[in-house]
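Single-structure report; data block below.
Predicted, not measured: the structure shown is a model, and the values here were computed from it.
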Amino acid sequence: MLLDQSVVCPVLIGRDVPLTTVVHTLDRARDAHGGTLLVSGEAGVGKSRLVRAMVERARANGFVTLQGACFEADRAQPYAPILDLIRVLSTTASPALAAHYFAPAATELVTLFPELRQILPDAAPHPASDPEEDRRRLFHSLAEAVHALGRAQPLLIVIEDVHWSDDATLDLILHLARSIGARAIVLALSFRSDEIGARLARLLADLDRARCAWEVSLRPLDVPQIAAMLSAIFGAESPFEPAFVGRLHAITEGNPFFVEEVLKALIVDGDLAFTGGAWRARPLDHVRVPRTASEAVARRLAGLSEQAREVLSVAAVAGRRFDFELIRALTPHSEAELLSLVKELVAAQLVTEESADRFAFRHALTREAIRTRLFARERVALHRAIATALERQSANSAQDAAEALAYHTFEASDWEAAHRYARAAASHALTLGATREALQQLERAVIATQKLGRKPDASLLTARGRAHETLGAFASANDDFVGALEAARAEGDRRTEWEALLALGMLWAARDYERAGRHRREALEVARSIGEPTLIARSLNRVGNWHINREEPLAGIPYHNEALAMLERADDARGVAETVDLLAMSNHMAGAQEAAVELYERSVALFTALGDRRGLANAFSVLVACGPSYHASAGPVCATARTAELLVSERAVHLTTEIGWRAGAAFSRYLLADCLAWRGEYERALRRARESLAIAEDMEHLEWQCGARRVLGVIALDLHAMPDALAHLEAAYDIARRLASATWIRWTAAMFAVALARNQRPDHATAVLDEVDRIVPCSSGVHDASGRAARTLGERHVALARAEVALAANAPTNTLALLEEHDVKRTPRAAMLRAQAFAALERWSEAIEWLGVARSEARAQEARPLLWRIDAIHAGAELAQRHRLVARQLFDAARSTANELVRALDEPALVAAFRTHVDTIAPPPAERTARQSAKAAYGGLTRRERDTAALVAQGKSNRAIARSLGIGERTVEGYVAAALAKLGFTSRSQIAVWATEQGLAAPESGSGHARR
């Protein structure tokens, strides 16, 4: 395939701190505090790109830039990078400019380098003399040339790859570095941190002693940064599977150059292609080693002895890291001989020492390049020998080497052993929460079973299905669970049948609640037939959770309570933790946030003790949503001491990423976005909600697509981007109906109806809510402790929506009745609606009282998007009562809060829509007339007051001023008193001085007077 897609990352990723150092260094140099910046790191880590960014920034800030480089072949040529610098300048700019810049050193340069006569034609070489004297003259003249340039303009000199520099150049560099401390000059040097020779090491030590250099050490990128790099190269519309990103990081070890080279190879081989409007990648099981890596390895292999190459081949098959004793057992060498050969490999920069017993290849691609040079037959034989040696070494603890043994026996085609070790390794990986690694081992176990001519058993398929489910591969998980169910029934294995049914019930909850319910109820029947309490308890929990999704949380609680009692009697710590978590969710959905928070705090403690990161991620996600959020905004909320920390740290999001739980990643992100949006943190909220939607769509998880679209719709509604809001909320409602989830139908319909009402379509909104009442039965048969009908959180959201729709339909009395009927209290949204309804009825005192309640609750919940609306509504109420000054103050406060909300939001279309909406409901002050402007310019004095002040400045009495202006003397006294009050003065003399300073006073001329 032809490569028509650039794989060069267009932006610097993960280099914020180094860039800050670059900016600081350049800023210091502009203030004549020059110095040397050292840029170090392994080959391909991005040194040249950082230097390029430094050059671009320097040029933008008015620096002259000179660039040269060292090359491996030039080590024997003195001053090679200086020659390169002059030649590059001559080629990229002009020979004349190069001659001008280096005029002070021209004679010495052409003396040492006659070939420069073409660039420096006016310079004549001086007669040959003592070499040391020539060297001193060159150093001095070059320093003078550099200093002269720095005096005229800030100067940046770049020399790259100084690890290949000759000794003479390094001496010159030290001379220059010591001379630029008080000048507007920066010297930037890049070098490979793993190729520091003795002379470069001495230079670095000298610079340290002179304290005239700063070092920026570039490290490989981490997994999130690799993901950001892929997004920058291929666009945000091409989200890559976390498995692909993780494998790419493992292969390249975060080296940006190798990432680009591997991507190039994948595109050429057709393993990474543009299909369906986005870039899609196949699984990275094996990748062709980039030519650049192969060539680099080949150059280093050429200098090795035959015995060292043999040891290296064995090590490459053994793995990325290898034990000295293992290699010793596989080769005929004594310890001393093998140590000598390994030292040869270290000297060739192919491997490094990690400890006294373990060594590692410097880079994963180095090992892969060496491994692929072997014939397949050679690799199989070596894998078999390594597996045998490992079994001997770990005869009493084979479990500890299960992962390595699974790999080597599989590659050696020893299928029986591969099956055994792979299952053991998978079990160990799952206990560590390493789902991807577990799936890899389970895949090996399945393949090994098939190679033996047998069908995978039900337990193996169930285990692999769970791994697929965690990683978001629905179809693969469903196939495995169905296969496991069929196998279990064929084998008469009731327990595994139960496990498969329960797994199917969990899996289908993301797509079809009725189907999920059938699987869960069937699993409960099987559990009761087995008679094992823990199985019954787990099935009870799943059925109870199913009731939650049918918008019957109170009906589900008895199932969870029965399960909890069973699990506590059985002393099943994990089962107790999971049940407490489900009870918390039931109370949350029922609107009992205080009880939910208490239970979630308990589940956090239990999951922490168990080391269950998946359980923790789930608990942290919903714990925050029990507090101030759109999610819980239809009823009382309950924040905890953890809330603020969880919002800042995003612990739930990070946990789901660490364990590779894709469904959890979508879930945690949309709930976090919901909480952030409630607080007006739109930038983060939009980013996390969009990430959630991308993940959910990629794995076809309808439930979390529904949640993500609902949040995106709410944010767009907040910003009055009505087309976006309606599109997202209608899509969420459609998905909810496909899911047949009563909970999601209510939650999405409520916000969709609100959006329709605010878009002046109350009839359509009413039709949507009426449809919900037909689809989802009301839970009016359930009552709380006080005897009132217990309303779920979903029912309260619908009630708030109906109240707002009634308001939009000019039926404020119905709004008040609905709020009273559904007992929606202790929420700023309900208080705002009550205030608006009373204002529509012109019951001003009640409206303002409820606005006070809304403002107090919104402040307590940090709901900044509500605060500006509350001020705007209050201003409208004051204006209707002709309290113009109070209204203007409230409008200004509303506008200030609104502007602050979108100050950092980099979404031009959303910001424009929001500002237009703000101008509509919180209008800016009217433009001043010429008279009003003049009044404002002169301390608020009216025209007559200014005329009076001007005459006071001329020394006239009140009687004389009255005659001049044709008014009464008492009126003049009033103007003088008003001027004193407005200007904060206490005497007429102060008025006279002020009027003179303002240019109001003019010499008396006839009967005229000063007027402005």
Working for salt bridge (Lys or Arg N to Asp or Glu O under 4.0 Å), residues Glu697 and Arg709: CA-CA 11 Å; Glu697 287 183 336; Arg709 285 198 177 277; 3.1 Å; yes
Answer with yes or no whether the side chains of Ser313 and Arg373 bring together a donor and an acceptor at under 3.5 Å. no
Is Thr25 close to Val23 at the side-chain level, that is, under 4.5 Å between some pair of heavy atoms? no
Ignoring hydrogens, what is the shortest heavy-atom contact between Val223 and Val245? Give both atom names and the distance. O-CG1, 3.7 Å
Under the salt bridge (Lys or Arg N to Asp or Glu O under 4.0 Å) rule, what do Glu253 and Arg320 come out as? Steps first, then yes or no, please. CA-CA 11 Å; Glu253 297 189 347; Arg320 170 76 168 82; 2.2 Å; yes
Quick check: do Val39 and Leu189 have side-chain heavy atoms less than 4.5 Å from each other? no
Cationic N near anionic O, under 4.0 Å, Arg321 to Glu354: yes
Are Glu42 and Ser193 linked by a side-chain donor-acceptor pair shorter than 3.5 Å? no
For a quick test of reading the model, state the closest non-hydrogen atom pair linking Arg192 to Ile196 and the distance between them. O-CG1, 3.6 Å
Can you name the one residue among Val259, Leu263, Ile233 that meets side chain to side chain contact (heavy atoms under 4.5 Å, CB included) with Cys9? Ile233
Check step by step if salt bridge (Lys or Arg N to Asp or Glu O under 4.0 Å) holds for Arg59 and Glu56. CA-CA 5 Å; Arg59 287 174 177 165; Glu56 290 170 358; over 6 Å; no
Taking the six-membered ring for Trp, is the centroid-to-centroid distance between Tyr407 and His383 below 6.0 Å? yes
Using 30° and 60° as the class boundaries, would you call the ring planes of Phe359 and Phe322 parallel, tilted or perpendicular? parallel
Between Phe410 and Trp415 (judged by ring centroids, cut-off 6.0 Å), do the two rings come close enough to count as a pair? yes
Whether Tyr670 and Trp704 hold their rings parallel, tilted or perpendicular, with breakpoints at 30° and 60°: tilted
I would like to know whether Arg688 and Glu650 meet salt bridge (Lys or Arg N to Asp or Glu O under 4.0 Å); could you show each step before the answer? CA-CA 10 Å; Arg688 289 309 192 191; Glu650 301 189 355; 2.3 Å; yes
Nearest 0.5 angstrom please: Arg423 CZ to Arg464 CZ, how far? 11.5 Å
From Arg662 atom CZ to Glu469 atom CD, the distance as rounded to the nearest 0.5 Å: 13.5 Å
Nearest 0.5 angstrom please: Leu312 CG to Arg371 CZ, how far? 13.5 Å
Any chance CZ of Arg379 has more than 12 other-residue heavy atoms, nucleotides or ligands included, within less than 6.0 Å? yes
State, with a plain yes or no, whether a side-chain heavy atom of Val158 is found less than 4.5 Å away from one of Leu66. no
Could you grab the distance from atom CG of Leu507 to atom CZ of Phe474, nearest 0.5 Å is fine? 4.5 Å
